[in-house]
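Here is the structure we will look at, set down as structure tokens.
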Amino acid sequence: MPEFTIAVQRGEAEAESQWTDYIVDVEEGQVVLDVIHRIQATEAPDLAVRWNCKAGKCGSCSAEINGKPRLMCMTRMNLFDPAEKITVAPMKTWPLIRDLVTDVGFNYETAEKIPAVKLGEPSEDGDFRMHQEDVERGQEFRKCIECFLCSDVCHVIRDHPENKENFFGPRFFVRLAELDMHPLDQEDRIDLVKNDAGVGYCNITKCCTEACPEDIHITDNAIIPLKERVIDSSYDPIRWIGRKIAGK
Amino acid sequence: MVNFERHEYDVIVIGAGGAGLRAAIEASAQGARTALICKSLLGKAHTVMAEGGIAASLGNVWPQDNWQVHFRDTMRGGKMLNNWRMAQLHAQEAPDRVRELESWGALFDRTSDGKILQRDFGGHRYARLAHVGDRTGLEMIRTLQQNAVHKGIDVYMECTITQLLKSGDRVTGAMGYWRESGNTIVFAAKSVVLATGGVGKAFSVTSNSWEYTGDGHSLAYWAGAELIDMECVQFHPTGMVWPPSVRGILVTEGVRGDGGTLRNSDGERFMFNYIPDFFAAETADTIDEADGWYDDKVKNRRTPDLLPRDEVARAINAEVKAGRGTPHGGAFLDISSRRSADYIRRRLPSMYHQFKQLADVDITAQAMEVGPTMHYIMGGIRVEADTAATTVPGLFAAGECAGGMHGANRLGGNSLSDLLVFGRRAGLGAAEDAAAQSAVPEVDESQVEEVVAGMREPFGRSGEGPYEVHSDLQDMMQKNVGIIRTEVELDEAVNRLQDLKNRSKDVMVSGHQQYNPGWHLAMDLESLLTVSEAIARAAHMRKESRGGHTRDDYPDPSDEWAVQNICIKQGDNGGMEVSTTPLPQMPEELKELFEEGSNA
């Protein structure tokens, strides 16, 4: 395969980032991450990039390639025209650490705010019983590899970083929906979904769904059902009376 | 005194894959103040890439299954070189560890009566692997991670440990650097658990990620611990071979577990020609029996496509050498002609995705091309089976970096269960050990300052870069210490390692210390070279073929070597000492499980 020009955004926090052009020979089958590794091994040994599995399973190598949210390890170079320069930039929504590496700590802090699963007692033989059709809804959400591309492209926080205070981001709506649909979970997280997680901020533009490398139907299967649960719970007269009695 | 960042804990756990996470959860549950330290972000460790499942004799699909059968399969798969006590504990406790994961939120695939479904895998007599499609490792690490974040464990992400600290014989903590800033960090701890995984990045064709640089093996070795069985390296039979950029990426054994078969370029199911005497009694010798086994395991014997990994990897290697390989030098692995497209997409979604996106192959319509890829090291830090204690006081080890559990060859599915069983035991052992100490030990400042000075050295040099040395090391190990070994090549390997060590001492790093992968690699070279030397020297000593260790010049197993572990330890002069120690012998009641007519 031919020669490509690839522009990588380089720089550190608190300094101006710059586009640096690299000219690389690309071999058959290579992905963007291969090219980044080649640049590291030859021209720029200190080029910072995160990666682990190189097979689309760990969600470490998220970046914005030609402005599109993608995993570098799953983006084949033959998608691109060698005549045109390819750009590789870090995810914009998270604070820059260096080059292609960002501080995704927001997501780890948010994860801690979600109460863990709480199952009842198993059956008498010691096994929990769940049927395949009942676990499949949760299994779709548990495909999430935590690449954080969905939250990277979410307008609520991408364009308004101040919303991070009040909004968990699509990744954690996936998590909350998964827990909500767990066949045996007994914890009620709907107030969390409504208040701290801020599901109401989402105006269902579906950017997250389009970005998901695992094809999780984030908007349709996670966020919209959560929005419906919030509405149902707010207008559920029995819950309303219950809350009045409990003084909440 | 230099003002480094410092922390004090009862227990620190180094590595946050399945074993490290499970160890930290347990230590914390025992009341120990616990830190979990990992090179990557939490949830990205190698466990996430495990595909097929967790082996545990739940008996949900085949009620005949029990821990004795699992124990027997594990020992035979390991060519009886396993530490019998570890294999016993593993088989006995794996079912509880799987149920525990479920109670922590894991959503396994189900049987028709709502229990955890189990799938077939190589070397396992019954369908035994609890799984979620072909992404079981993701389910496991996420479940552990989501459990751990509520336990008050302090997590240090993107933090690499470069040295254990000691006072006298005892470990007193560990030190390393933040990848982001390059700044030094020092931990004083009553007990330390190593759970750092494997050594794959010493080889050029591997399913392992950048993290697998033998850190735990090396940290333990430098601290005076013993390593055993380092010659036993697993080459997984089915890695991708084409295109070159994906060479080595894992193709799950679940493809064969779910009905896929291996064929050579003549279309022959060649595994029937490679059934060793050791497994002949339990392996089908006709296509009808092999295909019948998937549905009826009582009437039929197991398909040779699911012989243990060492056997299958050698067979593929031999077919390719004999000129019956695929266009890109592998074997064909075909499930498209044997199962429906719907079934394949449901059971093997990530394989479908991986081949489609990376190789333009539709596995529901075409055969895959596969070949051996360095996948796992059975050898590791010598541990006491019940407590995971190493030979150094205060130091524990679990998971891939610990040795003994899998003998000369690991069965598929036994790794995830190993991580859970011995991760928990290491956490327990470390917490109990910490509770017996009166105070967090003092850290020796001079040790810290000396290590820091060494870490910074590459910035001031003018030699070659770390990538060249690493790449040459990988090529040499692949060629000289790979799937088939000889005395001559191993001699050459030991010599060339000396040369590579000398080169690594001159490696130069450019840029500064903030998130600098070149610098990180320069430091990883030291552990990569240490484990490479241990593998080469142990392979040189073991003059027989057993499991993952194949000597072309000693092609058969020998009775003499059957009862010896090869043990590696740092000598007083700093050189590597290689010796043999007798393999622990199992008690009579377990020996009976291997006799003809045993129910196991």
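Both the backbone and the side chain of B:S103 have a heavy atom closer than 4.5 Å to some heavy atom of chain A. Contacts between A:L47 and chain B at a heavy-atom distance below 4.5 Å involve the backbone alone (N, CA, C, O). In this structure, chain A has a heavy atom under 4.5 Å from the side chain of B:M157, while its backbone stays farther away. Both the backbone and the side chain of B:L358 come within contact range of chain A, each with at least one heavy atom under 4.5 Å from a heavy atom of that chain. Looking at B:E139, the atoms closer than 4.5 Å to chain A (heavy atoms on both sides) sit in the backbone and in the side chain alike. Proximity to chain B (any heavy atom under 4.5 Å) is shown, for A:N52, by both the backbone and the side chain. With a 4.5 angstrom heavy-atom cutoff, A:V49 touches chain B only via backbone atoms. Both the backbone and the side chain of A:V135 come within less than 4.5 Å of a heavy atom of chain B. For a residue to count as touching a neighbouring chain, one of its non-hydrogen atoms must lie under 4.5 Å from one of that chain's; by this rule A:L33 does not touch chain B. Within the 4.5 angstrom heavy-atom criterion, no atom of A:D134 approaches chain B. Heavy atoms of B:Y212 lying under 4.5 Å from chain A are absent altogether. Neither the backbone nor the side chain of A:P122 comes within contact range of chain B; no heavy atoms are under 4.5 Å apart. For chain A, the nearby part of B:W104 is the backbone; its heavy atoms alone come within less than 4.5 Å.
Side-chain contact annotation: B:D109 with A:Q139, donor-acceptor N/O pair under 3.5 Å present. Using modelled atom types, one finds a donor on one side chain and an acceptor on the other under 3.5 Å when comparing B:T143 with A:R142.
In this structure, CD in B:Q357 is found 8.5 Å from CG in A:L71, a value given to the nearest 0.5 Å. In this structure, the separation between NZ on A:K143 and CZ on B:R142 is 14.0 Å, given to the nearest 0.5 Å. Considering SG of A:C53 and CG of B:L138, their distance stands at 10.0 Å, rounded to 0.5 Å. For the atom pair B:Y467 OH and A:T42 OG1, the distance stands at 10.0 Å (nearest 0.5 Å). Summarising the geometry, atom CG belonging to A:D103 is positioned 9.0 Å from atom CD belonging to B:E158; distances are rounded to the nearest 0.5 Å. Here CZ of A:F128 is found 11.5 Å from CG of B:L107. Values are rounded to the nearest 0.5 Å.
By the 4.5 Å heavy-atom criterion applied to side chains, A:E146 and B:Q145 are counted as neighbours. At a threshold of 4.5 Å between non-hydrogen side-chain atoms, the residues B:S209 and A:K54 do not count as touching. At least one side-chain heavy atom of A:E12 sits under 4.5 Å from a side-chain heavy atom of B:H512. Using a 4.5 Å cut-off on side-chain heavy atoms (C-beta onward), B:N60 and A:D127 make contact.
Ion pairing of B:D360 with A:R76 is present here, as a side-chain N (NZ or NE/NH1/NH2) and a carboxylate O approach within less than 4.0 Å. A salt bridge is absent between B:R110 and A:E133: the closest approach of a Lys/Arg side-chain nitrogen to an acidic carboxylate oxygen does not fall below 4.0 angstrom.
For the set A:V31, A:L119, A:L179, the count of heavy-atom pairs under 4.5 angstrom toward chain B peaks at A:L119. Taking B:Q146, B:H46, B:H353 one by one and counting their heavy-atom pairs under 4.5 Å with chain A, the maximum is reached by B:Q146. Highest contact tally toward chain A, considering only B:V509, B:D113, B:V246, is held by B:D113 [criterion: heavy-atom pairs under 4.5 Å]. Per-residue heavy-atom pair counts under 4.5 Å with chain B were compared for A:D215, A:D125, A:I114, and the maximum is reached by A:I114. Ranked by heavy-atom pairs under 4.5 Å with chain B, the list A:G126, A:C144, A:G105 is led by A:C144. Between chain A and the options B:I249, B:V48, B:L41, B:V149, heavy-atom pairs under 4.5 Å are most frequent for B:L41. Of the listed residues A:H131, A:E214, A:R98, the one with more heavy-atom pairs under 4.5 angstrom with chain B than any other is A:R98. For chain A, the option among B:H150, B:K39, B:Q354 with the highest count of heavy-atom pairs below 4.5 Å is B:H150. Ranked by heavy-atom pairs under 4.5 Å with chain B, the first of A:Q40, A:E112, A:K118 is A:Q40. Ranked by non-hydrogen atom pairs under 4.5 Å with chain B, the options A:E136, A:M74, A:E178, A:R50 are led by A:R50. Considering only heavy-atom pairs separated by less than 4.5 Å from chain A, the leading option among B:S245, B:P243, B:G105, B:G43 is B:S245.
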Query - Stepwise side chain to side chain contact (heavy atoms under 4.5 Å, CB included) test for B:R135 and A:K57 - result: CA-CA 8 Å; B:R135 55 160 192 84; A:K57 295 180 172 65; over 6 Å; no
Query raised in the report: Could you go step by step and tell me if B:E102 and A:M130 meet the side chain to side chain contact (heavy atoms under 4.5 Å, CB included) rule?
Result: CA-CA 11 Å; B:E102 182 163 73; A:M130 292 182 261; 3.7 Å; yes
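In A:Q18, the CD atom is not crowded: 12 or fewer heavy atoms of neighbouring residues, nucleotides or ligands sit closer than 6.0 Å. Within 6.0 Å of CZ on A:R137 lie no more than 12 heavy atoms contributed by other residues, nucleotides or ligands.
For residues 516-524 of chain B, the interface with chain A (any heavy-atom pair closer than 4.5 Å) comprises B:N516, B:P517, B:G518, sorted by residue number.
For B:K44 and A:Y108, the positive end is not near the middle of the six-membered ring at less than 6.0 Å and at most 45° from its axis.
Of all the heavy atoms in A:W51 and B:W210, the pair that sits closest is O-NE1, 2.6 Å.
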